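These numbers were taken from a predicted model, which means no experiment stands behind them. Below, all heavy atoms of this structure are taken into account, side chains as well, without hydrogens, waters or symmetry copies. Position 1 is the first residue of the sequence; numbering continues from there.
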Amino acid sequence: MIARIAPSHLAGTVPAIASKSVAHRLIIAAALANGVTDVTCNTSCADIEATIRCLEALGAKVDRAEQRLRVHPIPKSQEHGILRALAGATLDCGESGSTLRFMLPVACALGADATFTGAGRLGERPLSPIAEELIAAGCDLQGLGSLPLTTKGRLRAGTFKLPGNVSSQYISGLLLALPILGQPSVIEVTGTIESKPYIALTLQALETFGVSVRVETGAALDGQPRTRYLLDGSPYRTPGSVSVEGDWSNAAFWLCAGAMGTECITVSGLSLSSAQGDRNVLAALSCFGARIRRSTGAATVQPGTLHGFTLSARDVPDLVPVLSAVASVAKGTTVIRDCSRLRIKESDRLQTTTKELCNLGARVRIVDDDLVIEGVDELSGGVVCAHNDHRIAMMAAVAATRCTGAVEIHGAEAVNKSYPLFFEHYRALGGSVALSEE
């Protein structure tokens, strides 16, 4: 699909969609609980649907109503008294890295003979060192390094060791899986943890479902930071009903458009006390010079005189593309550090962010694992490719608000991965978008 966007500033109010990060975790927990759970979720997307599809393949049942999912858990085995997955299940993860990295440990903890499939770059995205930990704990994984990937055997409780400088999804995947075993286990992480707020979301979901996790911090023998997550074997217990909060990572696109434009933009339906790391978009935009206004359940950004600064992407990697768009029209130089993990997303986001913003007239370059952006007064417009990456497509659409000419986004259907309503909401804020088939 091609999205043709005429130059225009955005303004007004738009509702936040459901956080897919929170939805993944709550829906998985519901499928592993001891009874039915109603999950209020105001929107869905391809990634959330991938997780639901995988849980249904393992025996869960999900009934759908308007803005609600009723999750019936995976049935228990009468023979063994443990949760049981259907033998020979095929789990289609689509293009969702979260789904694969969460469901692989879950399937192993269930003892599932499962086959994981997927699309796009999913098979290329790394699974080490979580795969080695699963194998050491009694699982047989065949096909590592590509898809399909098959699992056999059942995970044993124990101590799992991971470095902190890998995807936080590995830690979250183990945290979600280990309560199934009903025995104490420990996850030991050495070094500074990347994307730590996402682990906080997982711990929050586990607490909601009655799972006890104690977190200990200190130093390892070599002086590196060490974090230990201690699970006491408590099982998932349904709270009856839960709600998926609004998504800060997708709200960030509108809030950044507010900083770049001429009028304010408000996103409603957000928790200002959320554990989502991407809530820090407000702090970043304030550092750029935008004016921020917080109210009950909403955030508003008003334009200001933007100027560059230096920030770390360690805990907010998903914000890098859209913050780069803001930096491209901020005075002076912006440096975004700690971007190495962007290379293994749906696209190599260091490369695609740089290439497509430059195609629109920005001045962006890569220095090692950092992005260096020299601000310009206005962008020119032009043709960009989404590279099958939802955040690149949405970044280009936001950048279009500061272009003197039209922007044409090829592969614009990539937004369906996380935000199917994106272009509808773009129009609701006054944007001019024409969609057509390629």
Side-chain angles (χ1 to χ4, degrees), residues 3 5 7-10 248-262 265 267 278 280-290 301 303-311 313 316-336 339 342 345 347 349-366 370-387 389-409 412 414-415 418-419 422-423 425-426 429 431 433:
I5 303 178
S8 61
H9 291 294
L10 306 183
W248 278 96
S249 62
N250 282 315
F253 289 95
W254 310 125
L255 299 172
C256 287
M260 297 169 67
T262 58
I265 293 179
V267 182
D278 289 339
N280 287 314
V281 66
L282 296 180
L285 292 176
S286 180
C287 289
F288 272 118
V301 174
T305 301
L306 303 180
H307 49 80
F309 71 108
T310 298
L311 70 152
V316 290
D318 287 342
L319 293 183
V320 170
V322 72
L323 288 180
S324 298
V326 177
S328 69
V329 293
K331 295 181 183 300
T333 303
T334 298
V335 180
I336 307 180
C339 295
L342 272 71
K345 297 290 187 177
S347 67
R349 286 185 185 156
L350 273 176
Q351 295 289 341
T352 54
T353 295
T354 300
K355 179 180 178 182
E356 302 312 332
L357 283 177
C358 286
N359 282 345
L360 297 179
R363 297 171 61 189
V364 186
R365 68 182 191 276
I366 301 169
D370 302 340
L371 285 179
V372 180
I373 305 163
E374 304 289 343
V376 297
D377 291 335
E378 297 288 350
L379 301 174
S380 59
V383 177
V384 300
C385 174
H387 300 276
D389 190 327
H390 53 135
R391 301 202 187 278
I392 299 302
M394 292 187 283
M395 172 200 75
V398 169
T401 65
R402 285 295 296 270
C403 289
T404 57
V407 171
E408 189 173 286
I409 305 169
V415 302
S418 66
Y419 200 164
F422 178 79
F423 289 114
H425 286 177
Y426 197 93
L429 291 171
V433 185

- Task: Examine distances only and state if a side-chain atom of Y426 and a backbone atom of A397 form a donor-acceptor pair shorter than 3.5 Å.
- Result: yes
- Query: With side chains defined as the heavy atoms from C-beta onward, is the minimum distance between D318 and R349 less than 4.5 Å?
  - Reply: yes
- Task: Evaluate side chain to side chain contact (heavy atoms under 4.5 Å, CB included) for V383 paired with N359, printing each intermediate quantity in order.
- Result: CA-CA 7 Å; V383 177; N359 282 345; over 6 Å; no
- Can you tell if the side chain of F253 reaches within under 4.5 Å of the side chain of R391, non-hydrogen atoms only? yes
- Separation between CD of E378 and OG of S328, rounded to the nearest 0.5 Å: 10.0 Å
- Message: Within the structure provided, determine whether L323 and C256 are in side-chain contact (heavy-atom separation under 4.5 Å).
- Response: yes
- Message: Taking the side chain as everything from C-beta on, heavy atoms only, tell me whether K355 gets closer than 4.5 Å to T352.
- Response: no
- Task: Kindly compute the distance separating CD1 (I366) from OG1 (T354), expressed to the nearest 0.5 Å.
- Result: 4.0 Å
- Minimum heavy-atom distance between A400 and V407, given as atom pair plus value: CB-CG2, 3.6 Å
- Mark yes or no for whether S324, through its side chain, and V320, through its backbone, hold a donor-acceptor pair below 3.5 Å. yes
- Is there a donor-acceptor contact under 3.5 Å from the side chain of S380 to the main chain of L360? yes
- Task: Provide the closest heavy-atom pair for N280 versus L319 in the form atom of the first, atom of the second, distance.
- Result: C-CD1, 4.5 Å
- With rounding to the nearest 0.5 Å, note down the distance linking CG in L357 to CZ in R363. 13.5 Å
- Does T334 reach the side chain of F288, with side-chain heavy atoms less than 4.5 Å apart? yes
- Message: If you define the side chain from C-beta out and look only at heavy atoms, does anything of Y419 sit under 4.5 Å from H425?
- Response: yes
- Under the side chain to side chain contact (heavy atoms under 4.5 Å, CB included) criterion, do M395 and I392 qualify, and how do the steps go? CA-CA 5 Å; M395 172 200 75; I392 299 302; 4.2 Å; yes
- Query: Yes or no on side chain to side chain contact (heavy atoms under 4.5 Å, CB included) for D278 and N250, after CA distance, side-chain angles and deciding distance?
  - Reply: CA-CA 9 Å; D278 289 339; N250 282 315; over 6 Å; no
- Task: Write down the atom of G308, the atom of A330, and the distance for their closest heavy-atom approach.
- Result: N-CB, 4.0 Å
- Item | Residue pair V329 / L379, side-chain heavy-atom distance below 4.5 Å | yes
- Message: Within the 3.5 Å criterion, strictly below it, is a donor on Q351 or H387 matched to an acceptor on the partner's side chain?
- Response: no
- What's the spacing between D377 CG and T404 OG1 if we round to 0.5 Å? 11.5 Å
- Task: Supply the atom-to-atom distance L255 CG to I265 CD1, rounded to the nearest 0.5 angstrom.
- Result: 8.0 Å
- Query: Can you check whether A283's main-chain N or O pairs, donor with acceptor, with S286's side chain at less than 3.5 Å?
  - Reply: no
- Message: Quick check: do M394 and V322 have side-chain heavy atoms less than 4.5 Å from each other?
- Response: no
- Message: Show the nearest heavy-atom pair for residues P317 and P321, with the distance to one decimal.
- Response: O-CD, 4.1 Å
- Nearest-0.5 Å distance that lies between atom CG in L429 and atom NE2 in H9: 13.5 Å
- Note on the structure: On a heavy-atom basis, the closest approach of A257 and L10 is CB-CD1, 4.1 Å
- Item | Closest non-hydrogen atom pair between I336 and A313, with its separation | CG2-CB, 4.0 Å
